[in-house]
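Chain identifiers are assigned alphabetically (A, B, ...) following the order of the sequence lines, protein sequences preceding nucleic acid strands; residue numbering begins at 1 within each chain.
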Protein chains: 2
Amino acid sequence: MMKNKIPTLKEIAEKLGISISTVSRALNDHQDISEVTKERVKALAADLNYIPNIFAKGFRTHKTNIIGVVVPNITHYFTTTLIRGILEEASLQGYRVIISESNNDVDKQTEMLNTMIQFGVDGVLMSLSKMTRDISSILKIMNTLPLILFDKASNKIPCTQVVINEEEATYNAIEHLINIGKRRIAIIKESEFSYNSEKRFEGYLRALKENNLPIDEKIILSVDDISMIQGKRMTNVLMSLKQKPDAIFAITDSAAIGVIKTLKKLHVKIPEEVAVVGFSNSINSTIIEPMLTTIDQPGQKIGATAVKYLIEEINHPNEIFINKTIEIRSNLIIRNSTFKV
Amino acid sequence: MMKNKIPTLKEIAEKLGISISTVSRALNDHQDISEVTKERVKALAADLNYIPNIFAKGFRTHKTNIIGVVVPNITHYFTTTLIRGILEEASLQGYRVIISESNNDVDKQTEMLNTMIQFGVDGVLMSLSKMTRDISSILKIMNTLPLILFDKASNKIPCTQVVINEEEATYNAIEHLINIGKRRIAIIKESEFSYNSEKRFEGYLRALKENNLPIDEKIILSVDDISMIQGKRMTNVLMSLKQKPDAIFAITDSAAIGVIKTLKKLHVKIPEEVAVVGFSNSINSTIIEPMLTTIDQPGQKIGATAVKYLIEEINHPNEIFINKTIEIRSNLIIRNSTFKV
DNA sequence: CTGAAAGCGCTTACAG
DNA sequence: CTGAAAGCGCTTACAG
């Protein structure tokens with residue numbers, strides 16, 4: 001297929017009988033250039049469909065206006081809302097976004113970061129893969145590029161982090177269960193190192209303690225992979241205990257949906273006998289019956305906020321940034337799995 | 001933050017006392033260079049963590065190894081599977097992916113395409129926004145860059161298209177309903193111009209005709225926005241008809257889930273009184289009870305295939321490509337909404 | 001087998 | 001207010 005040629009500054013300059021420098025400056029609205037010249041240049045540029053060669057520009061100015069994003073799993077609904085926020089805010093600020101998936105594989109994550117650098121991104125937004133223990137490669141990258149963590153973060157990495165109020169959100173959810181009269185609240189969390197899981201667990205523990213409820217290891221269950229299937233398995237475990245729980249909090253909606261499905265199969269009444277709470281406010285949480293009480297995380301806002309902080313760092317490459325942790329508020333959405341209207 | 005400097009060919013050349021040209025050639029495994037030199041150069045490059053400046057390279061060779069992707073809505077699960085396939089195949093072939101969302105807004109779609117060009121992508125993969133009637137801007141872009149359509153395609157645009165066998169898949173689904181004894185099959189489709197909706201409607205019509213079933217306009221419903229809410233509304237319409245349908249085919253899972261929810265509210269037995277079929281095999285289709293019979297679309301394969309064809313075109317910029325339509329096979333997944341085991 | 005040099009399209013310090 | 005020229009980091013035709 002024959003492709004059109006995109007005109008260059010040189011061609012515009014020649015057609016107008018002026019220098020390339022003047023054309024460049026006119027297009028960039030440089031103060032030195034007269035209005036008349038600016039207008040002539042801009043008119044011709046528009047006419048010829050001039051598009052600046054971003055590679056020549058980026059090559060020259062060491063800036064590409066591209067942001068790299070690394071996420072563990074792009075198919076999670078919540079992740080897509082984060083990405084939507086990132087795309088929107090980036091676009092507003094004149095940035096493009098390169099996305100890659102680490103598939104929760106730490107080596108792949110490192111590889112992705114390296115290609116990001118190679119592709120000249122101006123900065124990186126990352127949500128950590130599970131099991132990211134060795135942070136040396138990440139620290140190395142931080143020497144080269146601004147990096148901001150979002151959603152799946154880590155206190156060990158000295159950079160700005162944009163997260164939700166995981167601990168508090170869970171605290172509120174557990175407190176809600178206590179308010180509706182539940183006293184024996186089980187939790188299904190992740191066994192592997194996971195920032196979100198740990199924070200949520202802390203909120204769970206604090207809520208029990210502050211309400212003088214006993215902490216019972218038997219109803220604190222950890223799974224490798226926090227999925228619907230594991231939710232089902234763990235529910236069978238919990239409901240075969242001598243002292244069954246009267247509520248189950250799962251740290252993800254998918255696990256919570258597994259819980260509901262199994263409780264229904266066991267003919268356990270929800271929420272009267274056992275109440276269920278999830279985390280994420282995924283679409284699924286409104287499909288399941290009874291609909292799931294869960295925590296709504298404003299993904300778009302988190303994504304957009306992360307972009308703002310990143311561009312701030314990109315624009316001030318020589319400043320030392322104090323590494324803030326920005327907590328975005330989430331909301332408990334009460335539905336029929338805990339409280340019937 | 002102070003950032004590390006990435007070494008250049010020049011530094012390697014100086015340290016080794018050879019020319020830049022030789023270093024460049026050694027790194028690119030040029031045949032002219034001796035093995036000894038190659039090894040020395042590569043060793044030092046590895047040592048210094050040399051990363052080629054892709055912008056200098058792209059600028060020089062007019063190739064960026066970046067693919068642009070435009071999708072209507074990134075939060076749809078099926079879209080994320082398409083993207084996953086694109087990311088994987090692109091990564092295998094050494095390409096990065098810039099993603100943007102058109103939000104089903106035709107103007108935004110055009111804008112996105114233009115920024116893609118500006119950012120020097122080597123080619124574009126696009127899934128059309130609804131209501132893309134004016135294709136002039138797309139045709140214009142095809143003069144500049146290779147473009148391939150996937151999933152939401154259009155016969156009017158002369159380019160390679162990667163889609164599923166929409167018509168045949170629907171035909172099979174309707175035939176399945178006929179096989180289980182259904183005779184009055186309603187369809188809920190989109191009213192706006194939509195490639196997928198039209199193809200599915202064609203399959204529906206053909207199945208009825210070939211089985212000598214009457215086509216009744218009263219049970220052919222069109223909605224603007226094919227959502228769960230519309231599925232609910234349309235079910236109320238259908239179930240208040242004198243001659244109620246004994247099966248409902250909705251062209252998306254979300255609408256089909258709305259159908260099931262409403263049928264349950266109306267105490268209609270599924271599938272005995274009314275069977276339900278969706279399209280997509282979304283996660284939701286297994287959450288709803290009864291689980292939804294639907295059509296599984298191999299998103300990853302579609303995405304990967306689209307990338308392959310695009311890179312083929314990128315690598316042969318002066319060839320005229322015959323615009324093929326590649327149909328990827330989908331599968332009917334039979335579940336309890338049509339057939340109880 | 002290796003090197004000197006041109007050039008990709010742009011920006012910008014310097015000079016006028 | 002405008003221009004000539006250098007240079008960003010790379011590749012490659014040309015010369016040896």
Base-pair string, DNA chain D, Watson-Crick plus G-U, cut-off 3.5 Å on both distances, | for inter-strand, is |||.||||||||.|||

Nucleotide [N], atom [atom2] - distance to [atom1] of [X] in whole Å:
{"X": "B:Leu9", "N": "C:dA5", "atom1": "CG", "atom2": "P", "answer": "18 Å"}
{"X": "A:Asn65", "N": "C:dC10", "atom1": "CG", "atom2": "P", "answer": "16 Å"}
{"X": "B:Leu27", "N": "D:dG9", "atom1": "CG", "atom2": "P", "answer": "16 Å"}
{"X": "A:Gln31", "N": "D:dC1", "atom1": "CD", "atom2": "C1'", "answer": "11 Å"}
{"X": "A:Asn28", "N": "D:dT2", "atom1": "CG", "atom2": "P", "answer": "15 Å"}
{"X": "B:Arg25", "N": "C:dA5", "atom1": "CZ", "atom2": "C1'", "answer": "12 Å"}
{"X": "A:His30", "N": "D:dT2", "atom1": "NE2", "atom2": "P", "answer": "12 Å"}

Taking the P atom of each, how far is C:dG9 from C:dA13, in whole Å? 23 Å

- How far, in whole Å, is D:dC10 from D:dC14 if one measures between their P atoms? 24 Å

- How would you label the contact of B:Ser24 with the nucleic acid (heavy atoms, under 4.0 Å): base, sugar-phosphate, or nothing? base

Let me see the working for A:Asp151 and A:Tyr195 under side-chain contact (heavy atoms from CB on, under 4.5 Å), right down to the final yes or no. CA-CA 9 Å; A:Asp151 187 41; A:Tyr195 176 86; over 6 Å; no

Of the candidates D:dC1, D:dC10, C:dC10, the side chain of A:Ala56 sits closest to C:dC10

From the candidates D:dG3, C:dT2, D:dT2, the one with an atom nearest any side-chain atom of B:Ile33 is C:dT2

- Between A:Ser194 and A:Asn196: side-chain donor-acceptor atoms closer than 3.5 Å: no

Please examine the side chains of [Y] and [X], heavy atoms only from C-beta on, and report whether any two atoms are closer than 4.5 Å.
{"X": "B:Tyr50", "Y": "B:Ile12", "answer": "yes"}
{"X": "B:Met116", "Y": "B:Ile141", "answer": "no"}
{"X": "B:Met126", "Y": "B:Gln109", "answer": "yes"}

Sorted by number, residues from residues 12-23 of chain B placing a heavy atom under 4.0 Å from DNA chain C are B:Ile18, B:Ser19, B:Ser21, B:Thr22

- NZ/A:Lys63: more than 12 non-hydrogen atoms of other groups inside 6.0 Å: yes

Quick one: is A:Tyr50 getting a side-chain N or O under 4.0 Å of the C:dC10 phosphate, OP1 or OP2?
-> yes

Per nearest nucleotide of DNA chain D, the residue lying toward the 5' end, B:Lys10 or B:Asp32, is B:Lys10

Contacts satisfying salt bridge (Lys or Arg N to Asp or Glu O under 4.0 Å) that involve residues 92-121 of chain B (not counting sequence neighbours) are A:Arg84-B:Glu101

